[in-house]
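Have a look at the structure below before the remarks.
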Amino acid sequence: MNDPIPVTRRVDHGTAKLLPDIDRAHAWLLTVDGAPQSYVDLDEPTHLEFEYARRLAHAVDCAADEGEPLDVLHLGGGALTLPRYVAATRPGSRQDVVEADLGLLELVAERLPVPPGAGIAVHGADARRWLEQAPEDSADMVIADVFGGSRVPAHLTSREYARAARRVLRPGGIYAANLADGAPFAFLRSQLATFAAEFEELALIAEPAVLRGRRFGNAVLLASHEEIDTAALARRTASDAFPARVEHGKALRRLIGDARPVRDEDAVASPEPPDGAFSIG
């Protein structure tokens, strides 16, 4: 594990590579079929290299008082970047991580093991199926970062899926999802409309260049039944290396426009990113 040599392995859903960061002794980039999936620093789990991961972490930071343990369900595992972050910043948290790629789980467990006693339980299963079977009111947060290659799978985009997330969350709980889209935002608008049909409060975190349609990129969707602390989120996202905006209220309603909630029978995966949008090397 300490030898900084790249690792390439065939996993269930493609070819995974672990690439060492030459600037950080025990930090690794995980890619699958050339698409970046995770970055993790084993010595400093609070170091988040990817901007979208920082934005998800901001949502975690604002979900409860500093250091308060949370029960978190992670849909999508990768190299367990966010679970490690939660374990480091909120000791005593109970976390379940659901990842469908068993080969990827094996690679991460072998090369990037989670320290004993971290409170992180990893499960090889389909995210939607696990969510639908999870106990009601069992999670303070549901964090979805599920990509098949570079696309969010269709069965994780529907109103039925959003309803399952709502059922699992406790009162005041927060759903947070990493999405990706570009202008004219047909997918993003449909996701906002879908979650607005099941949750009273929504917020969206994204870079201004993405929101203005200048480039394809990530956007973090937040949904809750209680008011989301958008002011605290805005302060945190504004201080990032690549500042982001937090949209909510009327601005989100304008973005949604005439978009309609998506049902299972109509659901489609998120759009294919343009060439070079996310790929490495």
Just to verify, which of V60, D65, V72 counts as forming a side-chain contact (heavy atoms from CB on, under 4.5 Å) with R90?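 Of the listed options, the one satisfying the test is V60.
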V122: which of L105, V98, V108, D96 passes side-chain contact (heavy atoms from CB on, under 4.5 Å):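 When side-chain contact (heavy atoms from CB on, under 4.5 Å) is applied between V122 and each of L105, V98, V108, D96, only L105 qualifies.
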Minimum side-chain heavy-atom gap [X]-[Y] below 4.5 Å:
X    : Y    : answer
N178 : N218 : yes
P271 : D181 : yes
R128 : S158 : yes
D240 : H58  : yes
T46  : T89  : yes
P6   : P20  : yes
L104 : L30  : yes
E207 : R55  : yes

With rounding to the nearest 0.5 angstrom, report the [atom1] to [atom2] distance, [X] to [Y].
X    : Y    : atom1 : atom2 : result
R253 : H248 : CZ    : NE2   : 10.0 Å
D41  : R24  : CG    : CZ    : 4.5 Å
D33  : H13  : CG    : NE2   : 11.0 Å
D126 : L75  : CG    : CG    : 9.5 Å
T194 : R263 : OG1   : CZ    : 9.5 Å
L102 : D12  : CG    : CG    : 5.0 Å

Residues D145, H74; criterion side-chain contact (heavy atoms from CB on, under 4.5 Å); working and verdict: CA-CA 8 Å; D145 186 14; H74 300 265; over 6 Å; no
Could you please spell out the steps behind the side-chain contact (heavy atoms from CB on, under 4.5 Å) verdict for L82 and M141? CA-CA 12 Å; L82 260 296; M141 292 194 74; over 6 Å; no
Could you go through L255 and R189, starting from their C-alpha distance and side-chain angles, then the distance that decides it, and tell me whether this counts as side-chain contact (heavy atoms from CB on, under 4.5 Å)? CA-CA 7 Å; L255 180 57; R189 292 172 63 238; 4.1 Å; yes
Inspect the surroundings of [atom1] in [X] and state if more than 12 heavy atoms from other residues, nucleotides or ligands are less than 6.0 Å away.
X    : atom1 : result
R9   : CZ    : yes
R236 : CZ    : yes
E265 : CD    : yes
E68  : CD    : yes
R214 : CZ    : no

Using the rule that two of Ile, Leu, Val, Met, Phe, Trp, Tyr join whenever any of their side-chain heavy atoms come within less than 4.5 Å, decide whether [X] and [Y] are in one cluster.
X    : Y    : value
V32  : F147 : no
V146 : V268 : no
L252 : L179 : yes
F242 : L29  : no
L211 : F195 : yes

Test salt bridge (Lys or Arg N to Asp or Glu O under 4.0 Å) on D71 and R170 and set out the steps. CA-CA 10 Å; D71 292 339; R170 294 178 178 135; 2.9 Å; yes
Stepwise, does the side-chain contact (heavy atoms from CB on, under 4.5 Å) test hold for L131 with L73? CA-CA 9 Å; L131 184 68; L73 173 58; 3.8 Å; yes
May I ask you to decide if [Y]'s main-chain N or O and [X]'s side chain share a donor-acceptor pair within less than 3.5 Å?
X    : Y    : answer
T237 : A244 : yes
S224 : G173 : yes
Q37  : A79  : no

Atom of F216, atom of G182 and distance for their closest heavy-atom approach: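 Closest approach of F216 to G182, heavy atoms only: CD1-N, 3.5 Å.
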With sequence neighbours excluded, tell me which residues meet ring-ring contact (aromatic ring centres under 6.0 Å, His included) with H225.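 F199.
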Could you pull out all residues at least two apart from R163 that satisfy side-chain contact (heavy atoms from CB on, under 4.5 Å)?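 Once residues adjacent in sequence are excluded, the partners of R163 under the side-chain contact (heavy atoms from CB on, under 4.5 Å) criterion are R159, E160, R166, E198.
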Can you list everything that forms a salt bridge (charged side-chain N to carboxylate O under 4.0 Å, His left out) with E201? Sequence neighbours excluded, please.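 In terms of salt bridge (charged side-chain N to carboxylate O under 4.0 Å, His left out), with neighbours along the sequence ignored, E201 is linked to no residue.
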